[in-house]
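Structure first, then comments.
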Amino acid sequence: MDLEEIKEGVLDILEELHSDIDYEAEEKLVDDKVLDSFDLVTLVTELGEEFDVDITARDFVAENFNSVDRLVAMIARLLDE
């Protein structure tokens, strides 16, 4: 799976959460509280199912969830592990 496919999957999941947010423009989804804690739990579950990865407490940090690019990078890394 290449980065563009991962990005498309991540964006699909995010848009299901909130279709009114321009995720590609946002750089602080967590820090600016664009996504709340319930959104993050849902996101972790959906990403795990979509990409067959385990997002552990080690990965569950704001830096990994602040932007689409950071989410894609985390998923790509988890797929390589």
Side-chain angles (χ1 to χ4, degrees):
M1 181 174 290
D2 68 21
L3 292 178
E4 193 57 38
E5 290 172 315
I6 295 171
K7 185 174 184 174
E8 287 176 22
V10 168
L11 283 169
D12 286 346
I13 292 168
L14 286 169
E15 287 169 4
E16 284 180 24
L17 288 175
H18 299 284
S19 60
D20 58 330
I21 297 170
D22 183 0
Y23 289 102
E24 296 200 61
E26 290 288 342
E27 294 293 322
K28 295 183 177 181
L29 292 168
V30 176
D31 292 342
D32 287 348
K33 297 182 179 19
V34 175
L35 298 177
D36 64 24
S37 58
F38 181 76
D39 293 331
L40 292 172
V41 170
T42 303
L43 181 58
V44 166
T45 302
E46 295 292 325
L47 290 171
E49 290 175 4
E50 175 73 19
F51 297 104
D52 194 26
V53 295
D54 291 323
I55 299 172
T56 64
R58 178 188 70 149
D59 303 306
F60 198 71
V61 293
E63 297 86 43
N64 287 337
F65 290 83
N66 265 329
S67 71
V68 171
D69 290 339
R70 296 297 301 153
L71 283 162
V72 169
M74 178 184 66
I75 297 298
R77 177 178 51 79
L78 291 172
L79 287 170
D80 284 343
E81 290 180 353

Item to check | Thr42 vs Glu16 side-chain heavy atoms within contact, under 4.5 Å | outcome: no
Checklist entry - To the nearest 0.5 Å, what is the distance between CD (Glu26) and CD1 (Ile21)? => result 7.0 Å
Item to check | Under 3.5 Å donor-acceptor, Asp36 side chain and Phe38 backbone | outcome: yes
Next on the checklist: Could you tell me if the side chain of Leu43 sits less than 4.5 Å from the side chain of Phe65, heavy atoms only?
Outcome noted: yes
Item to check | Distance-minimising heavy-atom pair for Asp39 and Leu35 | outcome: OD2-CA, 3.6 Å
Item to check | Minimum heavy-atom distance between Lys28 and Val34, given as atom pair plus value | outcome: O-CG2, 4.2 Å
Next on the checklist: Taking the side chain as everything from C-beta on, heavy atoms only, tell me whether Leu40 gets closer than 4.5 Å to Val30.
Outcome noted: yes
Item to check | Flag, side chain of Thr45 to backbone of Val41, donor-acceptor distance under 3.5 Å | outcome: yes
Checklist entry - Just by distance, do the side chain of Asp2 and the backbone of Glu4 share a donor-acceptor pair under 3.5 Å? => result yes
Next on the checklist: Taking atom CG as the centre, does Asp54 end up with more than 12 heavy-atom neighbours from other residues, nucleotides or ligands that are less than 6.0 angstrom away?
Outcome noted: no
Checklist outcome for this item: Checking Leu3, Asn64, Val53 against Ile75 for side-chain contact (heavy atoms from CB on, under 4.5 Å), the one that qualifies is Val53
Checklist entry - Does the side chain of Val68 come within less than 4.5 Å of Lys7's, by heavy atoms? => result yes
Checklist entry - Within the side chain of Asp31, is there an N or O that forms a donor-acceptor pair under 3.5 Å with the backbone of Asn66? => result no
Item to check | Whether Tyr23 side chain and His18 backbone form a donor-acceptor pair below 3.5 Å | outcome: yes
